[in-house]
Amino acid sequence: MALPTARRGLLERMVGAALLDGDVYEEVEHDPNATVEAALVVVLAAIAAGIGALREGLAPFVVAIVVGLIGWAVYAYLAYWVGTRLFSGPQTVADWGQLLRTLGFANSPRLLLVLGVIPIVGAILSFIVFVWVLVTTVVAIRHALDVGLGAAIGTAIVSWLAFVIISFVVSLLVGIFT
C-alpha cells in the first residue's frame with residue numbers, strides 16, 4: 001500500500017481514523033512525529049470523557065484524564081506484545097510506537113463523549129462510541145501489525161482482557177495502600 005505523499009493535518013487524521021480510513025492508520029504508523037499528535041488525541045478524548053462525566057462530580061473528570069493517558073500507553077504495549085508474539089503474521093514488523101500512534105488516533109470517536117452531560121442522549125452515545133472505538137481499535141491494530149482481521153480481533157481481545165486484569169490488580173493495590 002503506497003503512503004500518501006502529502007501529510008494530513010491533525011483534524012484530517014482524526015476524522016480519517018474515525019471513518020476507518022486505512023491510509024490514515026498507515027500514515028500515522030510510519031510517522032514517528034505523529035506520536036505527539038496521537039497523545040493530543042488521547043488527551044482531548046480523555047478531557048471530552050471527563051466533561052461528559054462531570055455530572056458525576058469532579059473526581060470522575062480527573063480520573064477519566066489520568067486513566068485515559070495511562071490506559072492508552074499500557075494497552076498499546078499489551079497490544080504490541082500480544083500482537084507480535086501470539087498473533088503475528090508473515091508481514092508483522094512493528095514496534096510499540098507504531099501501536100501507540102495508531103491506537104491514539106483510534107480514540108478519535110471518544111471526542112463525542114463530551115455530549116455525555118446530556119441525560120439519556122449521553123448514555124446512548126456512550127454505548128455507540130464504545131462500539132465505534134472497538135472497531136477503530138481493531139483497524140489500528142490491523143494496520144500497525146500488518147495482520148489479517150482475525151489476528152487483529154484476537155490481539156484486541158486478548159490485550160483488553162490482560163488490561164482489565166492489570167487494572168483490577170492495580171485498583172486492589174491502590175485500595176490496600178490508601
Side-chain angles (χ1 to χ4, degrees), residues 1-50 64-114 128-164 166-167:
M1 178 181 298
L3 294 176
T5 55
R7 183 187 174 285
R8 301 166 214 247
L10 176 63
L11 186 58
E12 189 177 2
R13 283 178 166 183
M14 291 172 67
V15 170
L19 295 176
L20 311 176
D21 183 342
D23 289 339
V24 169
Y25 287 103
E26 288 293 326
E27 182 179 315
V28 299
E29 173 193 1
H30 297 289
D31 180 3
N33 296 321
T35 304
V36 172
E37 288 182 350
L40 181 59
V41 172
V42 172
V43 167
L44 292 173
I47 290 170
I65 294 169
V66 172
V67 169
L69 288 169
I70 294 171
W72 167 55
V74 170
Y75 184 81
Y77 182 78
L78 290 169
Y80 165 71
W81 193 89
V82 169
T84 58
R85 286 170 179 73
L86 301 179
F87 292 99
S88 65
Q91 304 291 326
T92 303
V93 178
D95 60 43
W96 177 64
Q98 292 171 331
L99 269 295
L100 196 65
R101 289 188 294 276
T102 59
L103 289 169
F105 277 90
N107 275 275
S108 295
R110 292 185 66 230
L111 289 171
L112 295 173
L113 292 176
V114 72
I128 292 168
V129 168
F130 174 77
V131 172
W132 194 353
V133 171
L134 286 177
V135 174
T136 59
T137 296
V138 169
V139 173
I141 289 170
R142 186 170 184 214
H143 284 277
L145 296 176
D146 299 310
V147 294
L149 182 59
I153 291 170
T155 299
I157 291 170
V158 171
S159 301
W160 181 80
L161 290 172
F163 181 77
V164 167
I166 291 168
S167 298

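Hydrogens, waters and symmetry mates play no part in the numbers below; they use all other heavy atoms, side chains included.
- Side-chain contact check for Val158 versus Leu78: every heavy-atom pair is 4.5 Å or farther apart.
- Heavy-atom minimum distance, Ala79 versus Leu103: CB-CD1, 4.2 Å.
- Panel note: side chain Trp132, backbone Ala18; a donor-acceptor pair is recorded below 3.5 Å.
- Under the 3.5 Å distance criterion, the side-chain polar atoms of Arg101 are matched with a main-chain donor or acceptor of Val28.
- Judged as a salt bridge (charged side-chain N to carboxylate O under 4.0 Å, His left out), the pairs with a partner in residues 36-45 (not counting sequence neighbours) are, in order, Arg7-Glu37, Arg13-Glu37.
- Leu44 CG to Met14 CE: the interatomic distance, rounded to the nearest 0.5 Å, is 6.0 Å.
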Give the C-alpha distance, both sets of side-chain angles, the deciding distance and a yes or no for side-chain contact (heavy atoms from CB on, under 4.5 Å) between Ile128 and Leu112.
CA-CA 10 Å; Ile128 292 168; Leu112 295 173; over 6 Å; no
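- With hydrogens and angles disregarded, a donor-acceptor distance shorter than 3.5 Å links the side chain of Thr35 to the backbone of Pro32.
- A distance of 13.0 Å separates CG of Leu113 from CD1 of Ile47, quoted to the nearest 0.5 Å.
- In this structure, Tyr75 contributes its side chain and Ala156 its backbone to a donor-acceptor pair below 3.5 Å.
- Every salt bridge (Lys or Arg N to Asp or Glu O under 4.0 Å) that Asp21 has, sequence neighbours left out, goes to Arg8.
- How far CH2 of Trp81 is from OG of Ser159: 9.5 Å, rounded to the nearest 0.5 Å.
- Here the CG atom belonging to Asp95 is positioned 7.0 Å from the OH atom belonging to Tyr80, to the nearest 0.5 angstrom.
- For the pair Ile141/Thr102, no side-chain contact is recorded, criterion being any heavy-atom separation below 4.5 Å from C-beta on.
- In this structure, the side-chain contact (heavy atoms from CB on, under 4.5 Å) partners of Phe130, at least two apart in sequence or on a different chain, are Leu134.
- The one candidate from Val147, Leu145, Val93 that meets the side chain to side chain contact (heavy atoms under 4.5 Å, CB included) condition with Thr84 is Leu145.
- Taken from CZ in Phe87 to OG1 in Thr155, the straight-line distance is 5.5 Å, to the nearest 0.5 Å.
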Is there a side-chain contact (heavy atoms from CB on, under 4.5 Å) between Leu69 and Val43? Walk through the geometry before answering.
CA-CA 7 Å; Leu69 288 169; Val43 167; 3.5 Å; yes
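- The two residues Ala144 and Leu99 come nearest to each other via the heavy atoms CB-CD2, 3.8 Å.
- A donor-acceptor pair is defined here as one N or O able to donate and one able to accept, closer than 3.5 Å; such a pair exists between the side chain of Tyr25 and the backbone of Ala17.
- Pro109 and Val133 get closest at one heavy-atom pair: CB-CG2, 4.1 Å.
- Here Ser108 contributes atom OG and Leu19 contributes atom CG; the two are 9.5 Å apart, rounded to the nearest 0.5 Å.
- In this structure the side chain of Asp146 reaches within 4.5 angstrom of the side chain of Glu29, judged on heavy atoms.
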